[in-house]
Engineer: 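Supplied in structure tokens, the structure appears directly below.
Residue numbers begin at 1 in each chain, while the letters A, B, ... track the order of the sequences.
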Amino acid sequence: MDTELITTLVSLLAGGLLLYLAITITRDNFENRLNRVTGSMLFFAGLAPLFLALGSIVQQPEAGVTTLPDSPLYQLHTIWELFFPTLLLFAMLFPVDRLREFKQSRLRTLVFVPQIMHLIIMLFFGNINRMLAMVELDPSREGFTTIVLKPFSYLFTGVLLLIGFIRSYEQVIFDVVNLLYVGIAVYFLETGSRYLREPRLLNQTRTVLWGTRLALGLYSAAVVMVHLFSKEIAPQYIAATQLGSVVAGVAIFGYAIIRHQFLDVQLVFRQSFIYTIAMAILVGGYVVMGMQAKEMLTPLFGARAELVSYVFLIFVLLLFQPISSWLDNLIRSMFIRTRTDYRAIIERFSRQVISVFDPHQLRQTIEETLKTALLVENVYFVLYDDSVGEYTLLPDELSSHRVIIDRDDLMLRGINLLDAPTHYSLLNEYEESSKLAELLKERKVKLILTMKDAQHLLGFLAVTQKAAGYRYSAEDFNLLGVLSNQMVTALTNARLYVESLERLRLQEEVNMARQIQLDLLPSSPPDLPCSVICASSIPSRTVGGDFYDFVPTRDGKRMGIVIADASGKGMPAALMMAQIQAMIRSEVSNGTPIPTMMSNMNQQVTHSTSAEKYVTLFYGELDKETGTFEFANAGHNYPVLVRENGQIELLEAGGPIIGAFSFVSYTSASVQLRPKDLLFFFTDGLSEAMDAQGTEYGEERIRKFVSERRNEAPNAIMQMILDDVRTHDPSQPPQDDTTIIALKMHDHPGVLR
Amino acid sequence: MKLSDRVQDGVVVLEPKGKIMGGPDASLLHDKLYDYIKQNKKKVVVDLAQVDWMNSTGLGILISGYTTLRNNDGMLKLANVTDKIQSLLTITKLISVFDAYDSVDDAISAFK
């Protein structure tokens with residue numbers, strides 16, 4: 001087939017595609033300057049192959065007819081050179097917007113001057129000699145007019161001569177200018193790409209850069225070959241090189257748009273673009289096959305060959321639909337990856353976040369999704385922080401610490417009212433004296449994306465502009481809305497997970513405290529000659545601070561009995577009991593008198609804990625031989641002394657609770673225990689056990705109960721009252737620690753006086 | 001616990017209501033006391049008429065309030081102590097530490 005025909009067809013196709021790309025890119029997002037500049041650039045680039053094709057179509061030499069290239073109108077084709085200044089502007093906008101800082105924005109139009117000059121010269125100064133003759137003055141007619149006009153005449157002549165000079169070397173001069181533009185543009189593209197960090201933008205830039213290098217390299221080679229060095233090269237090679245550059249340019253921009261979502265061109269457009277290409281290739285293929293068929297069939301069928309070729313074409317067209325579908329699918333599977341599909345983004349995101357419980361990792365996933373799927377430049381997190389009970393801006397590149405947002409901040413209140421992703425600029429009415437607004441402005445935030453569950457604002461994302469300044473489309477807003485719902489679920493999951501970990505940690509602490517308490521309690525009551533002692537301590541679900549101990553005095557004559565209850569629960573109470581035990585043991589072994597011992601303990605506890613932490617404590621020493629019981633009660637439930645006859649005495653003497661006030665003092669008192677006397681000690685877990693109606697078991701009932709059963713063995717009494725209390729308050733385990741010590745004097749403790 | 005407050009004859013009257021049980025109750029009373037201490041109002045009467053119940057932590061809150069005021073040269077007195085709280089104060093022998101009065105007016109006049 002004719003090479004020129006192929007060149008013409010390919011030129012038409014490439015030019016058409018470039019114009020198509022230019023129109024769609026501009027139409028897709030006309031607001032964006034980068035889209036407009038890229039559109040213009042591709043438009044002017046498209047004019048080149050179109051003019052090339054037009055030239056070869058009309059240029060068919062026919063004798064005596066003026067060919068198109070000779071007509072002044074054809075000089076319009078130099079308009080395509082406007083491609084070079086638009087390329088320069090493109091390189092100044094992409095991938096880094098250098099024009100944003102450029103104050104004198106009107107000055108950038110100066111880049112168009114050389115090419116416009118070229119166009120004007122080609123259009124209007126075709127015949128310089130005729131124009132020169134027009135401004136030439138007749139030297140024979142000297143007069144006033146001639147004298148005045150003379151300098152102007154010289155000036156015009158000079159200008160025209162200069163233009164004439166340019167005209168005769170126009171190709172070389174303007175090719176050099178154009179190549180200079182190309183060089184600067186490539187330099188800008190190269191240096192701009194070094195500032196990029198975002199992976200997708202980097203891929204886009206690399207692709208566009210390679211395409212630009214290839215296209216401009218081929219173009220420069222063609223220009224250099226023709227205009228600067230030699231004119232002997234066959235025109236078809238030059239045409240092929242020029243065409244190659246145009247085709248490379250189209251292909252690479254198309255590839256960048258489809259594969260790397262260049263210019264954020266929408267999915268619908270990318271699909272139609274691919275479809276158009278597929279159809280163009282297919283239809284072109286059929287046309288060529290039809291023409292070839294006609295050529296091949298002519299020798300066989302002669303005049304009827306045309307008819308046969310139509311039949312052949314109809315046959316081929318029957319295959320059109322299946323082949324076109326196959327081609328469409330093939331291209332789609334090659335280029336349209338799931339990552340650009342919004343549904344796929346949502347699916348992938350929900351799959352990822354459902355398995356992420358670590359809040360930090362979750363934030364990373366969210367940030368990564370927004371950056372790769374929506375080309376968001378930066379994301380800032382403002383989340384409710386349970387540990388401080390406030391909203392905080394998490395650390396970012398501007399602040400290494402989280403910033404707590406005042407709950408009355410006006411902007412925070414404004415954001416709390418939002419239900420959907422919103423442009424930050426719409427919130428300016430809330431900016432007044434808002435610290436949050438200052439922080440967001442400092443971070444150049446463009447969008448606010450709230451995350452709300454049924455009642456609360458969990459936090460929000462402050463999103464900056466898209467990479468390279470692309471705008472947010474309605475589709476982006478929909479996607480962000482759906483993603484924010486997913487984030488709410490994920491954040492709630494993460495929070496529950498953290499809470500469950502915290503619960504586990506607390507449970508461990510409680511277990512440890514309980515173990516400390518169990519270890520403090522004596523393993524068995526002491527064996528005394530005068531009496532039987534038994535003790536029981538039933539911890540409640542949480543660890544309280546009940547404690548009892550038996551401490552023999554230094555001389556071995558007496559046995560110290562202690563029962564105590566620390567305020568509060570958990571580890572602090574357990575540790576306080578450990579402290580009390582250590583103090584008592586040390587004071588008893590020093591032989592300190594009981595009131596002094598109580599005072600010392602009170603001083604120590606008061607100074608080592610806060611005022612609301614205190615202990616109620618009863619301490620008494622039983623003389624094993626005489627049965628004298630000296631005691632001090634520091635605010636503890638009164639132990640009950642039941643005499644043989646059922647008479648009850650309460651052991652009240654002592655002083656206030658230990659650990660509350662440093663200025664209090666303590667006294668001690670003594671009672672003489674006699675055979676069959678029963679001493680019953682308990683903590684408030686027993687007296688305050690409550691039934692379903694909220695009635696306490698009560699001290700009165702305890703006294704009556706033990707008095708009535710005074711003849712029973714101490715462990716039997718203990719068991720009976722525990723059973724009775726459980727009947728009153730069946731909660732299991734008990735609501736509070738319940739501790740009991742029962743001491744019964746022997747019937748005939750011979751040694752007692 | 002709910003807490004209301006007023007000033008009567010230059011004396012701060014705090015009126016807790018419900019159960020005094022620790023947790024957030026502690027900081028509620030504590031913050032209120034500090035507010036008044038900052039305003040140099042250091043004579044405080046806690047009216048316990050509407051307090052149904054108080055556990056050991058609740059008692060700790062009262063003790064803490066008392067200590068806070070004492071450390072700032074102030075004084076805390078109790079009024080309308082119910083039987084239940086009376087018995088708690090008796091057992092713990094804090095009745096000897098806290099000045100308790102039958103009515104708010106009595107407590108206020110005790111400051112003069």
Side-chain angles (χ1 to χ4, degrees), chain A residues 389 544-546 564-570 572-573 576 598 602 606-607 609-618 632-639 650-667 682-685 687-688 690 694-696 698-700 735-737, chain B residues 1 16 18-34 37 44 46 51-78 81-100:
Chain A
D546 274 14
D565 183 0
S567 68
K569 292 182 189 308
M576 197 189 239
M598 300 300 248
N602 181 52
T606 306
H607 291 124
T609 60
S610 56
E612 66 265 27
K613 298 262 188 307
Y614 62 87
V615 184
T616 71
L617 181 143
F618 179 93
N633 186 343
H636 193 78
N637 300 71
Y638 307 144
L650 300 176
L651 309 186
E652 296 178 33
I657 52 179
I658 281 177
F661 306 108
S662 59
F663 52 83
V664 295
S665 58
Y666 295 86
T667 55
F682 59 92
T683 56
D684 59 6
S687 56
E688 289 177 1
M690 247 180 238
T695 316
E696 286 185 0
E699 307 222 358
E700 234 6 271
Q735 295 175 39
D736 198 359
D737 295 358
Chain B
M1 181 186 79
K19 295 174 177 171
I20 307 184
M21 289 182 73
D25 294 356
S27 53
L28 200 66
L29 194 97
H30 198 256
D31 293 349
K32 189 62 78 187
L33 279 181
Y34 263 101
I37 289 171
V44 177
V46 180
V51 174
D52 319 325
W53 192 65
M54 188 158 70
N55 66 1
S56 60
T57 317
L59 187 61
I61 294 172
L62 276 192
I63 294 168
S64 167
Y66 182 93
T67 315
T68 305
L69 280 167
R70 236 183 108 98
N71 293 343
N72 287 282
D73 302 322
M75 192 43 131
L76 182 142
K77 293 180 190 295
L78 303 178
V81 178
T82 56
D83 289 350
K84 197 147 169 44
I85 294 170
Q86 175 81 33
S87 101
L88 183 64
L89 291 175
T90 309
I91 290 177
T92 53
K93 299 189 183 73
L94 289 174
I95 201 78
S96 60
V97 177
F98 286 110
D99 293 336

Engineer: Would you say the side chain of B/K93 lies within less than 4.5 Å of the side chain of A/N633, judging by non-hydrogen atoms?
Structural biologist: yes
Engineer: Please state whether the side chain, the backbone, both or neither of B/T90 comes within less than 4.5 Å of a heavy atom of chain A.
Structural biologist: both
Engineer: Answer yes or no: is there a side-chain heavy-atom contact under 4.5 Å between A/F663 and B/R70?
Structural biologist: yes
Engineer: What's the spacing between B/T92 OG1 and A/I658 CD1 if we round to 0.5 Å?
Structural biologist: 12.5 Å
Engineer: Which atoms form the tightest heavy-atom contact between B/L94 and A/P656, and what is the distance?
Structural biologist: CD2-CB, 4.2 Å
Engineer: Could you check whether any side-chain heavy atom of B/I91 comes within less than 4.5 Å of a side-chain heavy atom of A/D684, counting everything from C-beta outward?
Structural biologist: no
Engineer: Which one of A/K613, A/E652, A/E688 has the most heavy-atom pairs closer than 4.5 Å to chain B?
Structural biologist: A/E652
Engineer: What do you reckon, is CG of B/D83 surrounded by more than 12 foreign heavy atoms closer than 6.0 Å?
Structural biologist: no
